[in-house]
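Letters go in sequence order (proteins before strands), and every chain restarts at 1.
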Amino acid sequence: MLTIRNLHAKVADKDILRGINLTVKSGEVHAIMGPNGSGKSTLAGVLTGKDAFEVTEGEVLFEGKNLLDMKPEERAGEGIFLAFQYPVEIPGVTNNYFLRASVNSVRKYRGEPELDAAAFLKLVKAKAKVLHMPEDLLKRAVNEGFSGGEKKRNEIFQMAVLEPKLCILDETDSGLDIDAMKAVAEGVNALRSKDRAMIVITHYQRLLDHIVPDFVHVLSEGRIVKTGGKGLALELEAHGYDPIKAGMATV
Amino acid sequence: MFTKLFAPFDRDATPRYRALREEARARFATLPLPTVRSEDWRFTNIAPLAETSFELPNALMESGPAAPKNKLQFHFLNGRFAPAISSPVPSSISIGSLANAPSSLPLVGKIADVRANAFTALNASFVADGLYVTIPDDVILETPIEIIHYARSDEKPVVIQPRTLIVIGKNARATVVERYFGGQTYFTNAVTEITLSDYGVLDHVKVQEESVSAYHIANTQVVMAAKSNFTTHYLSLGGALVRNEVRVRFDGEHAEATVNGLYLADGKQHMDNFTVIDHAQPNCASHELYKGILDGKSHGVFNGKIFVRKDAQKTDAKQTNKVLLLSDDATINTKPQLEIFADDVKCTHGATIGQLDATQLFYLQSRGIPLEPARRLLTFAFANDIVNRVKIEAIRAEMETRIVR
Ligand SMILES: Nc1ncnc2c1ncn2[C@@H]1O[C@H](COP(=O)(O)OP(=O)(O)OP(=O)(O)O)[C@@H](O)[C@H]1O
Ligand SMILES: [Mg+2]
């Protein structure tokens, strides 16, 4: 589904990604861990087309298409979704209004008919139920005044409504209480399918107890320095990143 | 140049307001049209208007469907009242052409002073056929009264002088919508006089969607008695050169005025918003929020004056002006002017000028919304805290359509 080859990117003249290689097949869940500032969110930003990041080398293919040539909205139309580490507040636009614009834009991109108000409401209600998403949040302005946990939950809610092919979760677990974490994990697991892949960026094993990954990658200084199975996350939790960094130094 | 129109106008016009017209004309002769050298017109050059020769308009045919039964619509075509396409008036209230106003209505020209400025004097020089609206004491009217002005120049540019008088009785409540639209190049010079008695409530909305080559100058002047409540939403969309003046004077204590405005300009449109809130009495509150959305090479002006007179203690006045610049070539001039002569008052003012937020745009794009619609959605979001306060659903929907699609 997704192939990243030798990806280099910089921001404000600073090299952040320095040769990422990663292949994600449909049905798989990949966890990406790594120290603060190692480039995890940058990778997510590059995949979704944030223009602050300049790709200097490498390529990214999504279902055989050159992703880097596409506008952010085209990538969303193709089925890429990022649950942001820091969701954005948009005062003056209700969540419902925004989500309907989003759903219909994506449908239009795919040549599907737009949903009318009634059909949209039905969809949203069903998804809100699964995620235990309070309905009053839908009537409020997008993320405005939402608590940290509510914002994260709102991201997963949007993801559930849009049903993307590739879900990228950037530290969706941080700031969630135990119940919210369970609800979010349930929502994510409900979306797991053989046609869908996930990249889960996290610092903690906690989330991976609920969303069990097929692969765990360690990103450090803009490169994937170690890849393993779900056991790698436990190892990292116990020993931190230092042994890996030390190992790198000796290579 | 307007003076040549006086004699032909009088041939058709009711003699009833001749004295007012004569007084106004005498005054107009002594008042030069404003230039950028006048302090209150510094940012608005009316030369294009002053250099155009306007004619009196032709009468237009009263065609079109009759007003729907559940509405109160009053149409003016090229400045003339069109009763055939207007609504019947319920017996609880009184509405009609000024030409037929009851003699117990001595207020015409008493609220908007013809001595104050050239355009008000010019309007009064042509008083004959405006609309009066009287809501008697204790009457609560749910249905909005819509006053609809349509203007059109067939050959030469015409000038229309809409004039409206709204009288809200004690404890009375009403909603009035003024609407202006038209075709070709013409000049609307409107004066709206509003008075509220004790405890009277008026919700006023103005939708200005003149043709893009029209001139629109309007003076809405309001006098408020004790404990009355006035709200206006001034929505400006059309016109090449627009000047919106709103003047509110508190004439009794514990009255409250909300003056909100939204102006959308594109291309070479020029929109000047000029407001004066006169706290002449203690214990009154005014809330003012203006928002401008400027695209293309448009030019916006906001000039907000607040006077707090010596005895107007416990005044609570708030003024906010926010502008969204959608292009690098659009410009805005803002000038708050607070003159406070009382000491126990709460007065605040603030202005912000900004652009669309790149992070918000990316967020919308990452959810599949293409750049242009995303820009429009965020523009609507900016406008929304004005639009959402308009109580009439149909107008909210209309504004949404104008901005989002
Ligand atoms: N717009 C920017 N301007 C300058 N530096 C930036 C910008 N965006 C990111 N960076 C830098 O790029 C590096 C990688 O940031 P990134 O957000 O990808 O880290 P991360 O791995 O997600 O970290 P965390 O675990 O703290 O979320 C950091 O050093 C950060 O300061
Ligand atoms: Mg990050």
> Using 30° and 60° as the class limits, which term best fits the ring planes of A:Phe98 and B:Tyr363: parallel, tilted or perpendicular?
parallel
> Which of parallel (below 30°), tilted (30 to 60°) and perpendicular (above 60°) describes B:His204 and B:Tyr234?
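Because their plane-to-plane angle lies in the 30° to 60° range, the rings of B:His204 and B:Tyr234 count as tilted.
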> Among A:Val184, A:Ile201, A:Leu207, exactly one meets side-chain contact (heavy atoms from CB on, under 4.5 Å) together with A:Thr172. Which residue is that?
A:Val184
> Highest number of heavy-atom pairs under 4.5 Å with chain B: which of A:Arg75, A:Lys108, A:Glu78, A:Gln158?
A:Gln158
> May I ask you to decide if the ring planes of A:His30 and A:His217 are parallel, tilted or perpendicular, using 30° and 60° as cut-offs?
parallel
> Would you mind checking which part of A:Ile90 comes under 4.5 Å of any heavy atom in chain B, side chain (CB onward), backbone (N, CA, C, O), both or neither?
both
> Quick check for you: among A:Ala101, A:Ala141, A:Gly77, which has the greatest number of heavy-atom pairs under 4.5 Å with chain B?
A:Ala101
> Side chain, backbone, both or neither: which part of A:Lys71 has a non-hydrogen atom closer than 4.5 Å to chain B?
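When you check distances to chain B, no heavy atom of A:Lys71 falls under 4.5 Å.
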> Side chains of B:Asn244 and B:Ser236, heavy atoms from C-beta outward: is any pair under 4.5 Å?
yes
> Tell me, out of A:Leu82, A:Asp51, A:Ile80, who's got the most heavy-atom pairs with chain B below 4.5 Å.
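Among the listed options, the one with the most contacts to chain B is A:Leu82.
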> Which region of A:Val142, side chain (C-beta onward) or backbone (N, CA, C, O), has a non-hydrogen atom less than 4.5 Å from a non-hydrogen atom of chain B, or is it both or neither?
side chain
> Between atom NZ of A:Lys40 and atom CG of A:Asp170, what is the distance when rounded to the nearest 0.5 Å?
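One finds 8.0 Å between NZ of A:Lys40 and CG of A:Asp170.
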> Heavy-atom cut-off 4.5 Å, strictly under: side chain, backbone, both or neither for B:Val404 against chain A?
side chain
